[in-house]
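Written out below as structure tokens is the structure these notes cover.
Just the heavy atoms: all of them, side chains too, but no hydrogens, waters or symmetry mates, feed the values below. When a ligand or atom number is given, it counts from 1 through the structure's own listing order.
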Amino acid sequence: MSRLIEIMDTTLRDGEQTSGVSFSASEKLTIAQLLLKEVKVDRLEVASARVSDGEFQAVKKITRWAQENGCIDKIEVLTFVDGDTSVNWMIDAGAKVMNLLTKGSMNHLIHQLKKTPEQHFREIEQVISLARSKDIRCNVYLEDWSNGMRNSPDYVFQFLDFLTRQPVDRVLLPDTLGVLTPHETYTFIKSIVDRYPNSHFDFHAHNDYDLSIANVMEAVRAGANGLHLTVNGMGERAGNAPLASAIAALNDFMPEVKTSVVETSLYSVSKLVETFTGFRIPANKPVVGENVFTQTAGIHADGDNKNNLYFNDLMPERFGRTRKYALGKTSGKANIEKNLQELGIKLSAADLKKVTQRIIELGDRKEMVTREDLPYIISDILDSNSIEEKVVVVNYVLTHSKGLRPSATLQVQIKGQLYEENAQGDGQYDAFMNALKKIYQRLKMPLPMLTDYTVRIPPGGKTDALCETIITWSINDKEVKTRGLDSDQTVSAIKATQKMLNLLAI
Ligand SMILES: CC(C)C(=O)C(=O)O
């Protein structure tokens, strides 16, 4: 039978200690509801006591909701060894579980509190006893426990002996400065679990050396009963152990344990926290980052078609996500075909080659091409297919400066002959058109009237590659629309104009 590991999410307490992050009361409640109802973490640490009036109001809002929804025992608040102050704060805020912050290393005890272990334990005992008399349950944090195990293990064990005699539900073991190696995490926790087999121990990792997930796994292997995690790894300095990665690692590498967390809800809570904090999820962040289920190399997309050669167990669907195939200079035909399949578009081999070529060109210019761009690229290419290039805009210089009118110098090749003109205009494109008009007037050739000019970008707002200009022209009472596509808006208008010139020349 698998062992159940309790997951305590501390995004709203330790996560909020990320520099520059502060949740409003409503944001805290929304995140708490999502974490408890959808993600189904076991417990939530929502605030530190006494921090501010705003924090007090937020806790009140959450405890009121939790009372009504029968989960008040899942809401925890970090409190201090401060006589009756934190306990009274808890009572007023309606909270029922306190995580009492105490000193887990001799170093902290001597230099910060300037107290003996006996004094510290006596004060802790008083707070716990008061809290219990008010029907508040107690967990105890041993702050700086990891350094305590390194430098003052006798003190740590003296402390743990003391706690076994207290009405405490859980002992919380923080690697406060994120300094533990996986080996130490295992050894320290194993020695504690072996000595106190009937107590409950949570491990609280920090990510200063990027070892938080490895440490979380070693803590579980050593027998820890619970883990403290945060959404997106938010938290002080380098943050805490990220919830999504920890759950994925436990599920995939430790079949002997299980958690209650619902993997498919991890992405939505991650996005919610990103939105509320403005703290962007790195695109390569495991499980929740934008790019982590995107195959970029064509050879990988090709392998996906051949017995899923490039898949691992982290299938995006597990986390409510989908695999994507990037478009760019390394993506190749296989990636483009995958995207076309998703869009339900079929192309001839010749057109596919042209689309591939265009995407490589865009990629070479360091421009990002998204799936949303693809229909625009295709329609541009199909459009151009049917037009014979009798008129080519060969070269142009466009100027735009403060205090001077925009100007254009233009060279156009018409049926093999090169013509050059320059002109000014109200904008760069207007200057371009005025130069073009001069050439056409010189040749006594008519130019249609521009009657409409529309600019669009592909939907989703994610592209930085493309802008589409659709120009409506009117000539001899007939209307014709041409389209140009480029990352530069003026260039896309010039491309649409060249198409019109070629339609005219037919
Ligand atoms: C405040 C304490 C509990 C903490 O977050 C830590 O030690 O990491």
Side-chain angles (χ1 to χ4, degrees), residues 6-19 21-23 41 43-52 55 59 75-82 85-86 89-90 95 97-109 111-113 120 124 127-128 131 138-152 155-156 159-160 163 168-181 184-185 188-189 192 200-213 215-216 219 224 226-243 246:
E6 248 184 25
I7 302 300
M8 190 274 258
D9 182 282
T10 180
T11 308
L12 300 178
R13 197 280 296 170
D14 214 350
E16 200 182 23
Q17 286 174 221
T18 308
S19 171
V21 168
S22 169
F23 295 111
V41 298
R43 299 153 40 209
L44 281 187
E45 190 174 52
V46 298
S48 298
R50 291 175 16 197
V51 163
S52 68
E55 203 69 337
V59 175
I75 306 297
E76 303 178 2
V77 173
L78 182 140
T79 59
F80 306 95
V81 184
D82 55 5
T85 314
S86 285
W89 195 96
M90 292 274 297
V97 184
M98 67 156 55
N99 294 341
L100 184 62
L101 186 67
T102 69
K103 292 300 185 191
S105 72
M106 205 57 178
N107 212 11
H108 268 221
L109 183 66
H111 292 108
Q112 205 169 33
L113 297 191
H120 194 35
I124 292 169
V127 175
I128 292 175
C138 300
N139 302 320
V140 175
Y141 266 119
L142 271 63
E143 193 185 15
D144 200 36
W145 160 81
S146 41
N147 278 320
M149 287 301 282
R150 277 181 183 168
N151 306 325
S152 49
Y155 166 71
V156 175
F159 196 166
L160 292 174
L163 286 179
V168 161
D169 294 331
R170 302 175 186 88
V171 179
L172 319 177
L173 305 174
D175 179 15
T176 300
L177 297 176
V179 292
L180 286 183
T181 64
E184 281 175 310
T185 306
F188 292 165
I189 293 189
I192 289 177
H200 175 119
F201 294 101
D202 278 0
F203 177 60
H204 177 112
H206 275 276
N207 205 28
D208 297 66
Y209 286 90
D210 231 346
L211 287 172
S212 65
I213 296 297
N215 288 348
V216 153
L227 295 173
H228 296 185
L229 306 169
T230 59
V231 177
N232 301 339
M234 307 279 301
E236 200 147 330
R237 305 183 312 278
N240 291 55
L243 174 69

Task: Residue and atom name of the nearest protein heavy atom (relative to atom 8 (O) of ligand 1), distance in Å to one decimal - done: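 Going atom by atom, the protein heavy atom closest to atom 8 (O) of ligand 1 ends up being His206 NE2, 2.9 Å.
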
Task: Taking atom 2 (C) of ligand 1 as the reference point, the nearest protein heavy atom with its distance - done: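 Checking every protein heavy atom, the shortest distance to atom 2 (C) of ligand 1 gives Leu101 CD1, 3.8 Å.
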
Open item on the list: Side chain, backbone, both or neither: which applies to Glu236 and ligand 1 if a contact is any heavy-atom pair less than 4.0 Å apart?
Closed with: neither

TODO: Pick one of side chain, backbone, both or neither for how Gln17 approaches ligand 1, counting any non-hydrogen atom pair under 4.0 Å.
DONE: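 Under 4.0 Å from ligand 1, Gln17 contributes no heavy atoms.
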
Does [X] reach the main-chain N or O of [Y] with its side chain, forming a donor-acceptor pair under 3.5 Å?
X	Y	answer
Thr181	Glu184	yes
Ser48	Val51	no
Asn139	Arg170	yes
Ser52	Glu55	yes

Evaluate [X] for polar contact with ligand 1, using N/O atom pairs at a separation under 3.5 Å.
X	answer
Tyr141	no
Thr176	yes
Glu143	no

Open item on the list: Using a 4.0 Å cut-off to any heavy atom of Pro174, which atoms of ligand 1 qualify?
Closed with: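 Checking each atom against Pro174, I get 6 (C), 7 (O), 8 (O).
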
Task: Which of the ligand 1 atoms, numbered from 1, are nearer than 4.0 Å to a heavy atom of Asp14 - done: 5 (O)

- [ ] State plainly whether the residues Arg43 and Asp202 are in salt-bridge range, i.e. N to O under 4.0 Å.
- [x] yes

- [ ] Assess the side chains of Asn107 and Ser105: does a donor N or O sit below 3.5 Å from an acceptor N or O?
- [x]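 No, Ser105 and Asn107 have no side-chain donor paired with an acceptor closer than 3.5 Å.
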
Task: Sole residue of Leu229, Thr176, Leu173, Asn240 in side-chain contact (heavy atoms from CB on, under 4.5 Å) with His204 - done: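 Result: among Leu229, Thr176, Leu173, Asn240, Asn240 is the only option passing the side-chain contact (heavy atoms from CB on, under 4.5 Å) with His204.
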
- [ ] Work out whether the distance between some heavy atom of Arg13 and some atom of ligand 1 is less than 4.0 Å.
- [x] yes

